[in-house]
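Structure record follows, encoded as structure tokens.
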Amino acid sequence: MLVCGLCIAVTPSCIREHGVSVAETDPQNWDRSVRVICPVQDTLHSYDLDLLLRYLGALQALSLEIRVTAPDSTYCIDTLHIPASGTTDDDFHEGRWSYRTRARFSQTGDYLLDIKPLEPPLRNFTAVGIILR
């Protein structure tokens, strides 16, 4: 299974990525879990996982629950806290936050990440995803 541990910081986007998995959310009312599927073929490599959010306007502080289910149905549940952004415009933004560092997957196959807001409903979010690097 994955090594549990959170490191919340904005990460640079110039690092080589192994895969990006993104799912759309309801921009008017994100109030339920959204599933992102991360296929893993390498159990020897350590991965860093980043959370990706696409949103419109200013980002208010929020907390997300992330349930990671391995191919054998074992799971781990984490909470990720995202700080507010300093933007005040009405433009679309894409934010990226570190979710796990040096995670090693014990099995090959599809890992299911179910991501949901802990304070629903959230508005102005268009997509959520996971970046493996």
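Residue indices begin at 1 and follow the sequence shown.
A search for side-chain contact (heavy atoms from CB on, under 4.5 Å) contacts involving Glu119 returns Leu62, Ser63, not counting sequence neighbours. Residues satisfying the side-chain contact (heavy atoms from CB on, under 4.5 Å) criterion with Gln60, sequence neighbours excluded, are Ala58. For Asp90, there are no side-chain contact (heavy atoms from CB on, under 4.5 Å) partners two or more places apart in sequence or in a different chain.
For the pair Thr69 and Ser73, the tightest heavy-atom approach, listed with the atom from each and the gap, is CG2-CA, 3.9 Å. Residues Tyr55 and Leu53 approach most closely at CD2-O, 3.8 Å, considering heavy atoms.
Contact check for Leu64 versus Thr79: no side-chain heavy atoms found under the 4.5 Å cut-off. At a threshold of 4.5 Å between non-hydrogen side-chain atoms, the residues Ile115 and Trp30 count as touching. At a threshold of 4.5 Å between non-hydrogen side-chain atoms, the residues Gln107 and Asp72 count as touching. Within the 4.5 Å cutoff, side-chain heavy atoms of Leu51 are placed close to those of Ile130.
Summarising the hydrophobic clusters (Ile, Leu, Val, Met, Phe, Trp, Tyr; side-chain heavy atoms under 4.5 Å, direct or chained), the residues clustered with Phe92 are Leu56.
Taken together through direct or relayed side-chain contacts under 4.5 Å among Ile, Leu, Val, Met, Phe, Trp and Tyr, Tyr99 and Leu112 form parts of separate hydrophobic clusters.
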Please tabulate, one pair per line, all N/O donor-acceptor pairs under 3.5 Å involving side-chain atoms of residues 120-128, not counting sequence neighbours.
unit_1	atom_1	unit_2	atom_2	d
Arg123	NH1	Gln28	O	2.7
Thr126	OG1	Arg54	O	3.3

Please table the atom pairs, donor to acceptor, closer than 3.5 Å between any side-chain atom in residues 34-44 and protein atoms at least two apart or in another chain.
unit_1	atom_1	unit_2	atom_2	d
Arg35	NE	Asp114	OD1	2.8
Arg35	NH2	Asp114	OD1	3.4
Arg35	NH2	Asp114	OD2	3.1
Asp42	OD1	Leu44	N	2.8
Asp42	OD1	His45	N	3.2

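For the salt bridge (charged side-chain N to carboxylate O under 4.0 Å, His left out) test with Arg100, the passing option among Asp48, Asp78, Asp50 is Asp78; the others fail.
If you take CG on Leu49 and CD1 on Ile66, they are separated by 9.0 Å, rounding to the nearest 0.5 Å. Here the OG1 atom belonging to Thr25 is positioned 11.5 Å from the CZ atom belonging to Arg32, to the nearest 0.5 angstrom.
Around the CD atom of Glu94, the shell of radius 6.0 Å holds more than 12 heavy atoms that belong to other residues, nucleotides or ligands.
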Problem - Check against side-chain contact (heavy atoms from CB on, under 4.5 Å), Ile131 and Arg96 - result: CA-CA 9 Å; Ile131 301 168; Arg96 185 172 172 169; 3.6 Å; yes
